[in-house]
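Here the structure comes first, spelled out in structure tokens, and everything after it is commentary.
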Amino acid sequence: MGNVRVRFAPSPTGYLHVGGARTALFNWLFARHHKGAFILRIEDTDRTRSTEEAIDQIKESLRWLGLDWDEYYRQTDRIDRHRGVAQFLLEKGVAYESEGAIWFRVPRSGSTVVEDLILGRVEFSNSEFKDFVILRSDGTPTYNFACVVDDHDMGMTHVIRGDEHMNNTPKQLWIYGALGWEPPAFAHIPLILGPDRTKLSKRHGAVSVLEYRRRGFLPEALVNFLARLGWSHGDQEIFSREELIRYFDLDGVGTSAAVFDEAKLLWLNHEWLKRTDLDKLADLLAEYIVQEGIATREEVEALGRSRLRRAAGLLRERNKTLVDMARAARFLFPRPLPLPPEAGEILRPELAAPLERIAAALEALDDFSPETVERAIREVLAELGLPLKAVAQAVRVVVTGRTVSPGLFDVISLAGKENVVRRLRTASRELQDRVK
RNA sequence: GUCCCCGUCGUCUAGCGGUCUAGGAUCCCGGUCUUUCAAGCCGGAGGCGGGGGUUCGAAUCCCCCCGGGGACACCA
């Protein structure tokens, strides 16, 4: 298919939500797959509801998702053209003026057939439609009209959009017909539903693309997830951007609406965390540590590149989002750790001495690698005649402030000698005091 | 209400007349490993909405019903 040209045409009345993002993604993938052009067109003809902030947010969302556009337009910049075409329709007699607005005259009888690339042949009875406004009394064009003029002028070959636009298609077809223009091919993709099976919207909770970024999702994961909502390629679940471009086409798009299941998104995010380049992940982790208020940027920098990298590598094994990773990274910083409620049970008074012995042994180490740490601790334990199990959870909770963490020796090594020894001594002292 | 679309495990889906006692993924439940929790591995539960046809044969084709969703603006 040569010279494919498609567009994403959001109205800037709010943030970009995941449904819109999926439409943008399908268009983008289609364009990239066919080596065509992906156009971003802001449909801001409703001046009372459109905002600059929304436009910025939409662009930022698309950029974050990696959906780059080849051309950019603003519908309001083309208003003279819209008026001119409306005037032409008026003169031609297919449109008429009433109460200041220009209306399109709908055929009173017959039917209109849409040959949809996904849905197949869909027939509408013309009598179902009423005349509709193409130019408002304030002189601005309405959606169905501006859309047609722009899609034609911009040379769109395919219109890939949400199912909810299906019954706008006959109206647009009539306008193409009245103007003697060749309409593009239409492809209506199924909707994304919330858990209650109604069209996904803000009342379903987090639906803004940028909200997913804030919550610590990777764009790779969201793109992968969105692509699989309504599209498939055999049994494959995990797709890189390159694979999506290679495999995506309209024949893989399904016909039934899909429920947005966050549990699966979380799984995919975890998968992508595990696949992300460690240096890149370390940078991201640093950002989220600051975002979550775990530590300041200066404190993160003081940590050093290699520790941050190591932390990212360990933390991604058992956390599904960057936010969770950041929160689990608190123990890296030389701040007092709030202990979990279970700590009271884990830190038994008789552990005071072993904790002090371990602290002393660790303090004496020059090398603080996980291997050295392990050797030192096992040595102490052997002298004490205690199994590792007897102290593991206590040490873990004291060093990390959590009952769940990466491997004990890894975590000790990563926390650094100073932090570890101080925390063990403090805990040991408190346990002793409790006995008295 | 009218028009349009849709209907395979809870969810995302494979399936495009026989290879389906319906496959994968997620979620859930066991087991294994173990310093915790994950991950990994092993195992389990869970579905073709219903009824008629067509056919030697239907999850796959047709019809009806039921169910769900979407659209019915001088919003997009």
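Below, chains carry the letters A, B, ... as their sequence lines are ordered, and counting in each starts from 1.
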For RNA chain B, which residues of [range] approach it to below 4.0 angstrom with any heavy atom?
range                       : answer
residues 380-392 of chain A : Leu388(A), Lys389(A), Ala392(A)
residues 82-102 of chain A  : Glu99(A), Ala101(A)
residues 140-156 of chain A : Thr142(A), Tyr143(A)

What integer number of Å spans the [atom1] atoms of [N] and [M]?
N      : M      : atom1 : result
G50(B) : G7(B)  : P     : 14 Å
U60(B) : G18(B) : C1'   : 11 Å
U8(B)  : C48(B) : P     : 11 Å
G47(B) : U11(B) : C1'   : 12 Å

Which part of the nucleic acid, if any, lies within contact of [X], taking any heavy atom under 4.0 Å across all strands shown: a base, the sugar-phosphate backbone alone, or nothing?
X         : result
Thr45(A)  : sugar-phosphate
Asn319(A) : nothing
Leu119(A) : sugar-phosphate
His188(A) : nothing
Phe124(A) : sugar-phosphate
Thr403(A) : base
Asn167(A) : base
Pro195(A) : nothing

Item to complete: Would you kindly check whether a donor in the side chain of Asp163(A) faces an acceptor in the base of G70(B), or vice versa, at under 3.5 angstrom?
Response: no
Is the phosphate of [N], meaning OP1 or OP2, less than 4.0 Å from a side-chain N or O of [X]?
X         : N      : value
Arg197(A) : C12(B) : yes
Arg161(A) : A76(B) : no
Ser137(A) : C74(B) : no
Lys171(A) : A71(B) : no

Consider the side chain of [X], meaning its heavy atoms from C-beta on, and name the nucleotide among [options] that approaches it most closely.
X         : options                : result
His270(A) : C5(B), A39(B), U26(B)  : A39(B)
Arg318(A) : A38(B), C27(B), C3(B)  : A38(B)
Leu229(A) : C12(B), G70(B), C27(B) : C12(B)
Glu128(A) : U11(B), A14(B), U2(B)  : U2(B)
Asp261(A) : U26(B), G24(B), U35(B) : U26(B)
Glu271(A) : G24(B), G69(B), G40(B) : G40(B)
Met166(A) : A14(B), C4(B), A76(B)  : C4(B)
Trp267(A) : G69(B), C6(B), C27(B)  : C27(B)

Worksheet item: Charged N to carboxylate O below 4.0 Å: is that the case for Lys264(A) and Asp261(A)?
Response: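 Looking at Asp261(A) together with Lys264(A), the answer is no, because their closest N to O distance does not fall below 4.0 Å.
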Worksheet entry | Lys/Arg-Asp/Glu bridge criterion (N-O < 4.0 Å) met for Asp153(A), Arg78(A) | yes
Worksheet item: What class does the angle between the rings of Phe248(A) and Trp231(A) fall in, given that below 30° is parallel, 30 to 60° is tilted and above 60° is perpendicular?
Response: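 Plane angle between 30° and 60°, so tilted.
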Worksheet item: Can you check whether Phe260(A) and His204(A) have ring centres sitting under 6.0 Å from each other?
Response: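 Not under 6.0 Å, so no.
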Worksheet entry | Heavy-atom pair with the smallest gap, counting every atom of Gly407(A) and Arg396(A) |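 For Gly407(A) versus Arg396(A), the nearest heavy atoms are C-NH1, 4.5 Å.
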Worksheet item: Does NZ or CZ of Arg74(A) fall inside the cone over Tyr72(A)'s six-membered ring, less than 6.0 Å from its centre and within 45° of the axis?
Response: no
Item to complete: Measure from the side-chain N and O atoms of Ser61(A) to the backbone N and O of Gln57(A), and report whether any donor-acceptor pair falls under 3.5 Å.
Response: yes
